[in-house]
Amino acid sequence: MRMIPNNSGPGARVEDFDLRQPLSAEDFRTILRALGRYGVLCFPGQDLDAPQLAAYAGRFGTLEVNVANLFHAEGLPEIMHLSNMRDAAGKPLGLSDAGQGWHTDMSYSQDIALANVLHAKRVPMRDGRPLGDTQFLDMHAAYEELPAEVKQRLEGRVAVHDFEKFWDVMRMRPGSIRGPLTEAQKAKKPPVRQPIFRVHPVTGRRVLYCNPGYAMRIEGLEPAESDAMLAFLFLHQMQARFLYSHHWTPGDVLMWDNIATIHNAVADYGADEPRFILRAQVMASLDYAALAA
Ligand code: SIN
């Protein structure tokens with residue numbers, strides 16, 4: 001396995017490694033450590049089917065079944081289809097607007113996610129260039145570069161995150177097929193409290209764990225201060241030096257750290273520019289500090 005860090009921002013390419021092969025304990029540890037160190041890992045040139053993707057991703061923790069559970073691989077609800085494509089009868093083949101806005105998956109859940117693992121089958125192209133990038137911001141760096149007084153003010157504080165916030169933003173977008181969340185879906189995903197700073201289980205370093213997609217307010221601050229502080233954090237974390245934009249190639253498997261990055265799916269392609277991606281979500285269900293040691 002050859003690890004090539006990106007020139008700037010987070011991310012690395014992992015070459016000469018076939019993800020269909022059983023993962024040895026040593027390779028598992030190398031990948032886990034690299035995930036903590038680089039935040040985003042691209043394994044180019046892969047050819048996995050849904051069960052193989054589930055087998056690889058499942059080594060890192062329990063795979064989540066999305067609450068909306070709209071589109072998934074046959075017999076495998078933990079492998080979701082992200083796509084703007086439709087079948088011959090006009091039926092959508094996947095969720096077409098997943099992640100279009102800065103967020104961290106599962107920050108709205110008491111049990112947080114370690115990682116996402118996506119595998120590109122079709123990538124929209126225009127004039128020879130790929131569209132539909134996925135962008136990442138490095139929350140290790142964002143924490144480290146916070147002003148000392150902000151770190152001090154927010155140390156030990158929690159923010160309330162709500163699944164419905166991002167869902168409703170997506171729903172308002174033109175062409176969205178999302179309906180309002182049902183009472184049963186809401187009951188499954190009530191607002192939760194998350195520490196604003198976390199110690200990353202792999203790196204042992206602090207990260208800023210707060211994102212515009214789901215964070216609603218900071219507990220213990222007056223509403224005006226909470227709003228102003230969240231606006232400051234959201235602006236601070238968007239700085240270009242923390243950014244990596246992944247230009248997809250079919251065959252890429254992209255694995256990203258959901259504790260130390262926030263991400264955004266860029267919606268710059270049309271309905272006639274097909275995109276099809278398999279997606280697995282790995283919950284933070286193992287003792288990663290011990291596994292990475
Ligand atoms: C996601 O947020 O999981 C979707 C990312 C993408 O489709 O680029």
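Computed from a predicted structure; not experimentally measured. One-based numbering, in listed order, for ligands and for the atoms of each.
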K121: partners by salt bridge (Lys or Arg N to Asp or Glu O under 4.0 Å), with sequence neighbours left out: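 With neighbours one apart ignored, the set is D47.
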Heavy-atom contacts with [X] under 4.0 Å: which atoms of ligand 1 show up? List them by number with element.
| X | answer |
| --- | --- |
| T134 | 6 (C), 8 (O) |
| R275 | 6 (C), 7 (O), 8 (O) |
| L82 | 4 (C), 7 (O) |
| A98 | 4 (C) |
| H103 | 2 (O) |

V123, M80: one ILVMFWY side-chain cluster at the under-4.5 Å cut-off?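 In one cluster: yes.
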Return the orientation label for the W248 and H246 ring planes: parallel under 30°, perpendicular over 60°, tilted otherwise.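 Aromatic pair W248/H246 classed perpendicular.
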What is the ring orientation for Y214 with H103, classed by angle as parallel under 30°, tilted 30 to 60°, or perpendicular over 60°?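 Rings of Y214 and H103: perpendicular, over 60°.
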Please state which protein non-hydrogen atom is closest to atom 2 (O) of ligand 1 and give its distance, to 0.1 Å?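 Going by distance alone, atom 2 (O) of ligand 1 is nearest to H263 NE2, 2.9 Å.
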Show your reasoning for whether side chain to side chain donor-acceptor pair (under 3.5 Å) applies to T30 and D27. CA-CA 5 Å; T30 302; D27 287 337; 4.9 Å; no
For N116, which part has a heavy atom under 4.0 Å from ligand 1: side chain, backbone, both, or neither?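 It is the side chain that gets close, since no backbone atom is under 4.0 Å.
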Mind checking whether R279 has an N or O less than 3.5 Å away from an N or O of ligand 1?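 By distance alone, the answer is yes.
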Heavy-atom closest pair, residues V150 and M229: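 Looking at all heavy atoms of both residues, the closest pair is CG1-SD, 4.1 Å.
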Between G132, G99, S83, A265, which one has a non-hydrogen atom sitting closest to atom 5 (C) of ligand 1?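 Minimum heavy-atom distance to atom 5 (C) of ligand 1 goes to A265.
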More than 12 non-hydrogen atoms from neighbouring residues, nucleotides or ligands closer than 6.0 Å to CZ on R193, yes or no?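 No, because the 6.0 Å sphere around CZ of R193 holds 12 heavy atoms or fewer from other groups.
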